[in-house]
Amino acid sequence: MDKLIAQLKELVIEELFLEDLSPDDLDSGLPLFEEGLGLDSIDALSLAVVLDKEYGIKLEDDDQRVEVFYSIETMARHITENRNQDHGG
Amino acid sequence: MPVYIAADNMITSLGFSTEENMRQMIAGKTGLRNQVVGDRLGISSCISLVNSDRLHSEFHKIADAKRFTRLERMAIISIRQAIEGTDIDVKSPKTIFVISTTKGNIDLLENPQHPYDSDRVQLWRTAREIGFYFGNPHTPVIVSNACISGVLALITAHRLLESSSYENAVVLGGDIVSEFVAAGFQSFKALSAAPCMPYDKNRDGLNLGEGCGTMILTSDPGKATAEKIVIRGGSSANDANHISGPSRDGEGLYRAIRQTLKATGESVENIGYISGHGTATPYNDDMESLALNRMGLDSVPINSLKGYFGHTLGAAGVLESIVAVRSMSENLLVAAKGFQQKGTAKNINIICENQNRTINHSLKMASGFGGCNAGILFSKEGSY
Amino acid sequence: MPEFCSPKKGAIDLAVSRYCLVRNGKVVLNDKLLYEEDRSTDFPSFIRSLYKKDGSDYRKFFKMDRLSKLGFLTADILLEKGQHKPDLKDEEIAIVISNSQSSLETDARFLETIPDKANYFPNPALFVYTLPNLMVGELCIRYRIKGENIFFISQKPDFDFLHGYVTNMLQFTAMKAAITGWVDLDMQLNYEAVLFLVEERNCSSADDQRLPFHSKTMEELYCKQYMRE
């Protein structure tokens, strides 16, 4: 799980161009949306692409996106539970 | 002092003049087609493109096409056509150019092998080429403010004329369909695969369009059109909420409209027609209905023109204002192409079929990325 | 350069309450050098240290594009994290900003996410910032500024025009204060920003030490020699 969290931090920073944030600055429990990093629905679209591309996971709808992308930790948990075993990464 | 409309021109997929565009719209035609955008990325989308062959042949008559980019050619033809038949001297220091565009010559950034100077991709450079062509002595004013650019350009021109800074203004709004923008909107999942359905229950996204709209404004009543339609004023406001999504309660748009009416002293009851933004995305159209409902404008006939020639971004505010003004001079409400069933958060009075109606005052509204919103009011002189 | 004729003298009395300049590794607030880095420091490093120095801990900073980061920090220093936001209704404060490059720096970065058909991954988080007024949107969100906003493009800062536009707006519309200026970032990451907070003078100019709002004032501050070295 730790390795996945480290990987996710890098992916989120890269995909969302958070170039002034280092993985160490990004607490895995930090809310990514609203009060936390202030990410919004557009960023959620980018993260959904990451989930699909890297882990073969597709999300159903906006509600699921909100739930899964709450924090790096919730993302990691969802991936661990739903990962497509045939998919690389 | 009143600021009159002296002339106008529209260039879209539907034609190269306002008359041609109006005729096509009244006949219910749309310029939206499923086509491939550009030639590099293979993006297929339902879009509205200006006819390239016609653009080439029209421009060939007046100048060397190689000297100017696609957008510049459209702009030059549009302004030329608008000036024809007016007494406005575009070379005069009393005339100012105000240009609205979101991405200008962005196709040059996509394709670095272009034959122009490297700074031609800069918006100020595009504007300068256009100003130079017409021999205007001033640096054009350039507004680049997302999809409300066109409305803001008209408001800016109105304020410049009202303050007697100038006597005439050439307001040009223009944008092209580019792979850059298509790819971006595709990544937002904001595009509809079919012709858009503004305000409709089943709307599922917007269509990109390109075009140029020119409005020539003057403070000289002798140069105004016979109908003597004036710009009364306008306003803008920011949602201060989200940068990409429209506000869920339409507060910014509500304030822009309210401020427009307050500043012009016009009352809600007298508005005869509203030209909506109506991009046909689920959220935008809902947001507009909320703002209109709050203002008490929900029973005023409203349309969106995006179903005719798509969302033309920096050109939209000018193109759609031209149609609003023509609707007033012809006392005609044009149907909202693509709309079939009501489906916005609040009920609004969408124009379902063309109809004659005396319109003395019309409101154009627009919203855009960055939480921006704007409104502008047009009136027949003598009606206020 | 286009001109916006100012109304008759005395019709409205405006002052520059505060101003902030950012250029060549230097940050100046109201004539005081607040912060200085070596002018050769690249923009991303400079803006990162400026964010830490500013100490606002505004987490939304991280997702902004570079142009917005520049505008945000210049405004945050100008308003001292909002402490100097004018005591007016949110909808009475306007933002009128200009630049020469539009959002080209971000545009170029977005294009890198779609280099060709086989590598087509348009990034929505970047695309959203490919409009220069997004920077204004970020300021509006941060400080809850809800009045008029407009973004102009010009090859060089046109303080005559900005002065005329802002004066006209503050005199004839419901706006009572404005943040105005120039925030520019080119594709080589050369940056410069100058923002002015303009407010109506409520007392006589004899008692008010603030600079008058004139295009000359803005021009002189912008051209400050030590900012150019």
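Just so it is clear, the structure is predicted and the values come from calculations on it, not from any experiment.
For a residue to count as touching a neighbouring chain, one of its non-hydrogen atoms must lie under 4.5 Å from one of that chain's; by this rule C:Phe152 touches chain B with backbone and side chain alike. Heavy atoms closer than 4.5 Å to chain C are found nowhere in B:Glu162, neither backbone nor side chain. With a threshold of 4.5 angstrom between heavy atoms, B:Ile106 approaches chain C through side-chain atoms but not through N, CA, C or O. The part of C:Met187 that comes within reach of chain B is its side chain, from C-beta onward, which places non-hydrogen atoms under 4.5 angstrom from that chain. Of the two parts of B:Ala146, the backbone and the side chain both hold a non-hydrogen atom closer than 4.5 Å to a non-hydrogen atom of chain C. With a 4.5 angstrom heavy-atom cutoff, B:Asn145 touches chain C via backbone and side-chain atoms both. For C:Lys63, the part sitting under 4.5 Å from any heavy atom of chain B is the side chain, from C-beta outward, and nothing else. With a threshold of 4.5 angstrom between heavy atoms, B:Lys103 approaches chain C through side-chain atoms but not through N, CA, C or O. Both the backbone and the side chain of B:Ile243 come within contact range of chain C, judged by heavy atoms closer than 4.5 Å. For a residue to count as touching a neighbouring chain, one of its non-hydrogen atoms must lie under 4.5 Å from one of that chain's; by this rule B:Ser235 touches chain C with backbone and side chain alike. Contacts of C:Tyr165 with chain B are made by side-chain atoms alone, with heavy-atom separations under 4.5 Å and no backbone atom involved. In this structure, chain B has no heavy atom under 4.5 Å from any part of C:Asp90. Heavy atoms of B:Asn373 lying under 4.5 Å from chain C are absent altogether. With a 4.5 angstrom heavy-atom cutoff, B:Arg125 does not touch chain C via any of its atoms.
For the pair C:Ile145/C:Leu139, no side-chain contact is recorded, criterion being any heavy-atom separation below 4.5 Å from C-beta on. Taking 4.5 Å as the limit, every side-chain heavy atom of B:Val177 sits out of range of all side-chain heavy atoms of B:Val181. Looking at C:Phe213 and C:Leu170, their side chains never come closer than 4.5 Å, going by heavy atoms from C-beta outward. Counting only heavy atoms from C-beta outward, the side chains of B:Thr139 and C:Asp158 never approach each other to under 4.5 Å. Within the 4.5 Å cutoff, the side chain of C:Gln155 has no heavy atoms near those of the B:Gln122 side chain. The side-chain heavy atoms of B:Val121 and B:Tyr116, taken from C-beta on, include no pair separated by under 4.5 Å.
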Exercise. After noting the C-alpha distance and the side-chain angles of B:Asn105 and B:Thr69, does the key distance pass the side chain to side chain donor-acceptor pair (under 3.5 Å) rule?
Worked result: CA-CA 7 Å; B:Asn105 289 329; B:Thr69 65; 2.7 Å; yes
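Residue B:Leu253 comes nearest to B:Ala374 through the heavy atom pair CD1-O, 4.3 Å, listed as atom of the first residue, atom of the second, then distance. Of all heavy-atom pairs spanning B:Leu161 and B:Ala169, the tightest one is CD1-CB, 3.8 Å. Of all non-hydrogen atoms in B:Thr281 and B:Ala190, the two that sit nearest each other are CG2-O, 4.3 Å. Closest approach of B:Gly250 to B:Met287, counting heavy atoms only: CA-CG, 3.5 Å. Taking each heavy atom of B:Ala237 and B:Arg255 in turn, the nearest pair found is CB-NH1, 3.8 Å. Residues C:Ala174 and B:Gln259 approach most closely at CB-NE2, 3.4 Å, considering heavy atoms.
In this structure, B:Glu266 pairs ionically with B:Arg232, as a charged nitrogen and a carboxylate oxygen lie closer than 4.0 Å. Between C:Arg59 and C:Asp57, at least one side-chain nitrogen of the basic residue sits less than 4.0 Å from a carboxylate oxygen of the acidic one, meeting the salt-bridge criterion. The existence of a salt bridge linking C:Glu138 and C:Arg142 is excluded, since no basic side-chain nitrogen approaches an acidic carboxylate oxygen closer than 4.0 Å.
When each of B:Ser149, B:Gly42, B:Gly184 is checked for heavy-atom pairs under 4.5 Å with chain C, B:Gly184 comes out on top. In terms of heavy-atom pairs under 4.5 Å with chain B, the best-connected choice from C:Gly137, C:Pro124, C:Ser154 is C:Pro124. Chosen from C:Phe151, C:Phe121, C:Tyr143, the residue pairing most often with chain B at heavy-atom distances under 4.5 Å is C:Phe151. Heavy-atom pairs under 4.5 Å with chain B peak, among C:Asn149, C:Leu111, C:Thr173, C:Ile95, at C:Asn149.
A donor-acceptor contact under 3.5 angstrom links the side chains of C:Ser215 and C:Asp160, judged on distance only.
No option in C:Tyr58, C:Phe62, C:Phe46 other than C:Phe62 meets the ring pair (Phe, Tyr, Trp, His ring centres under 6.0 Å) test with C:Tyr51.
Residues of residues 65-88 of chain C placed with any heavy atom under 4.5 Å of a heavy atom in chain B are absent; none qualify. Of residues 127-136 of chain C, those residues with a non-hydrogen atom less than 4.5 Å from any non-hydrogen atom of chain B are, in numerical order, C:Phe127, C:Val128, C:Tyr129, C:Thr130, C:Leu131, C:Pro132, C:Asn133, C:Leu134. At a heavy-atom cut-off of under 4.5 Å, chain C is reached by B:Leu152, B:Thr156, B:Arg159, B:Leu160 from residues 152-160 of chain B, listed in order of number.
Using a distance-only test at 3.5 Å, with no hydrogens or angles considered, no donor-acceptor pair links the side chain of C:Tyr19 to the main chain of C:Tyr222. Side-chain atoms of B:Thr264 never come within 3.5 Å of backbone atoms of B:Gly233 as a donor-acceptor pair (strictly under, hydrogens ignored).
Ring orientation note: the planes of C:Phe110 and B:Phe180 are nearly perpendicular, at an angle over 60° on the 30°/60° scale.
The list of ring pair (Phe, Tyr, Trp, His ring centres under 6.0 Å) pairs with a residue in residues 136-157 of chain B, not counting sequence neighbours, reads B:His138-B:Tyr166.
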